[in-house]
Amino acid sequence: MTLTLSPLHIDCDFDSGNILINDATDPSRTRLAIRPDSRSDHFQWFHFKASGLTPGQVHTFVLENAGQSSYNQAWKGYQAVASYDQQQWFRVPTQFDGKALSFDLKAEQPQAWFAYFEPYPRARHNQLIERATRLPGVELLATGRSVEGRDIPLLRVGDGAPGKRKIWIIAQQHPGEHMAEWFMEGVIERLEHNDPSVAALLHQADLYLIANMNPDGAVHGHLRTNAAGQDLNRAWQSASTDKSPEVFFAQLQMKQHGVDMFLDVHGDEEIPHVFTAGCEGNPGYTPRLADLAKTFRDSLCKRTVDFQQAHGYPRSAPGQANLTLGANSVGQAYDCLSLTLEMPFKDHDDAPNPQTGWNGLRSKALASAVLDVLGQMVDTLR
Ligand code: GEM
Ligand code: ZN
């Protein structure tokens, strides 16, 4: 007897949802596509729910336009994530044939969620900000507005007393890089523990935190741009209140409060390692800044297997930096240690976990290690 299964229901009408349906009539093989960012051609992030799965059956999902995505080399060695409850996310068997990305789930439940990476929900963001502002010494210093009017909270940990180092950490300028806000949750969670190492850091430094720089893009399921089609990490020389108010806000606040160190948290689609990119190509780059970057990287390597220095972006030649990037622009303007931190969408191949790949929990643990490093080197930042 042949069992005829009814078509799956595919839905992405929720926070950070993104999928297009090409043909969902065959429940064993659902043909889909990734929807580009609303005002740009970028695409790579996907996130959808499939219901009507048959427990015990293998269901295959095909992203038919993956070969034309922004980073189409990134699918090699990539495994999609799935979840039955939006809490536990696991990797599923995935293949890329040069054109389409396909992944399989042997269903255990009638519905499941699929995504490019463990999503960081906007509701969780709101709870995170709440949670942070309940901590002693943490204030909501200012609130920026996105193009579509969503809040961009800037938290300060510390009282802004003169003489304190000012350490800025911002995340998710690129909205599809959800690991970046997981990292920020790791920062907040570590502050909640208030152990001696954190206390020592906060004795000398105030932290300025923007947990999500691009809420519109994140909510709309974009990969790289805000609601006006701007790549925010290319807007730091020309931020405007209409096209990139998110960056305009951060820059204004930096000007008001000062910056002694800047960390811009991202994800990289292609490289299966955690790494940092520095500002070697800045016209104002000096041996002092090179030493600080070296100390940061060496110390982080010692603290965690989830960081390394062998793999990363090629360094810009002296004077050749692209100053439209946040880290280059801030490093140049404030003559300070300034780094882009990149976490993988795939895994950190120095310490892989085939079940989860890189994920939210590991992003949080990395944040904790970064705070330890900052505690060690805080008095050298100026
Ligand atoms: C990087 S650029 C993205 C690079 N990704 C791949 N796959 N090459 C980022 O967005 O994190 C930093 C940047 O903005 O330049
Ligand atoms: Zn990025």
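Remember, it's 1-based here, ligands and their atoms both numbered in the order they're listed. From a predicted model like this one, the values you see are computed outputs, not experimental measurements.
For the ligand labelled ligand 1, residue Gly267 lies inside the 4.0 Å heavy-atom shell.
Of the protein's heavy atoms, Glu342 OE2, 3.3 Å lies nearest to atom 12 (C) of ligand 1. Shortest contact from atom 15 (O) of ligand 1 to any protein heavy atom: Arg234 NH2, 2.8 Å. When only non-hydrogen protein atoms are considered, atom 2 (S) of ligand 1 lies nearest to Arg224 NH2, 3.6 Å.
Between Trp358 and Val274 there is a side-chain heavy-atom pair separated by less than 4.5 Å. The side-chain heavy atoms of Pro153 and His125, taken from C-beta on, include a pair separated by under 4.5 Å. In this structure the side chain of Met377 never reaches within 4.5 angstrom of the side chain of Met261, judged on heavy atoms.
The distance between the ring centers of Phe103 and Phe46 falls below 6.0 angstrom. The six-membered or imidazole ring of Tyr334 lies away from that of Phe262, with a centre-to-centre distance of 6.0 Å or more. For an aromatic pair to be called close, the ring centres must be under 6.0 Å apart, and Tyr116 with His178 fails this.
Side-chain N/O atoms of Asp151 and Thr143 include no donor and acceptor closer than 3.5 Å. A donor atom on one side chain and an acceptor atom on the other are not found under 3.5 Å apart for Thr340 and Asp264.
Residue contacts with ligand 1, taken as heavy atom pairs separated by less than 4.0 Å, involve Leu325 solely via side-chain atoms from C-beta onward. Within the 4.0 Å heavy-atom criterion, both parts of Glu269, backbone and side chain, lie near ligand 1. Neither the backbone nor the side chain of Phe345 comes within 4.0 Å of ligand 1, counting heavy atoms alone.
Using a 4.0 Å cut-off to heavy atoms of Asn233, the atoms of ligand 1 that qualify are 13 (C), 14 (O). Each of the following atoms of ligand 1 lies closer than 4.0 Å to a heavy atom of Glu270: 6 (C), 7 (N), 8 (N). Atoms of ligand 1 found under 4.0 Å from any heavy atom of His266 (numbered from 1 in listed order, with element): 9 (C), 10 (O), 11 (O).
Using a cut-off of 2.8 Å, one finds that Glu177 contributes an N/O/S atom close to the Zn ion (ligand 2).
At least one N or O atom of Glu177 sits closer than 3.5 Å to an N or O atom of ligand 1. Geometrically, ligand 1 and Asp268 share a nitrogen or oxygen pair separated by less than 3.5 Å.
Distances from atom 10 (O) of ligand 1 to the heavy atoms of Gln73, Gln173, His174 show the closest one on His174.
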Evaluate Asp195 against Arg190 for salt bridge (charged side-chain N to carboxylate O under 4.0 Å, His left out), listing each step before the verdict.
CA-CA 8 Å; Asp195 49 82; Arg190 179 69 190 278; 2.9 Å; yes
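When the N, O or S atoms of His174 are ranked by distance to the Zn ion (ligand 2), ND1 comes first. For His266, the N, O or S atom closest to the Zn ion (ligand 2) goes by the atom name ND1.
Between His257 and Trp168, the ring planes lie tilted relative to each other; the angle falls in the 30° to 60° range.
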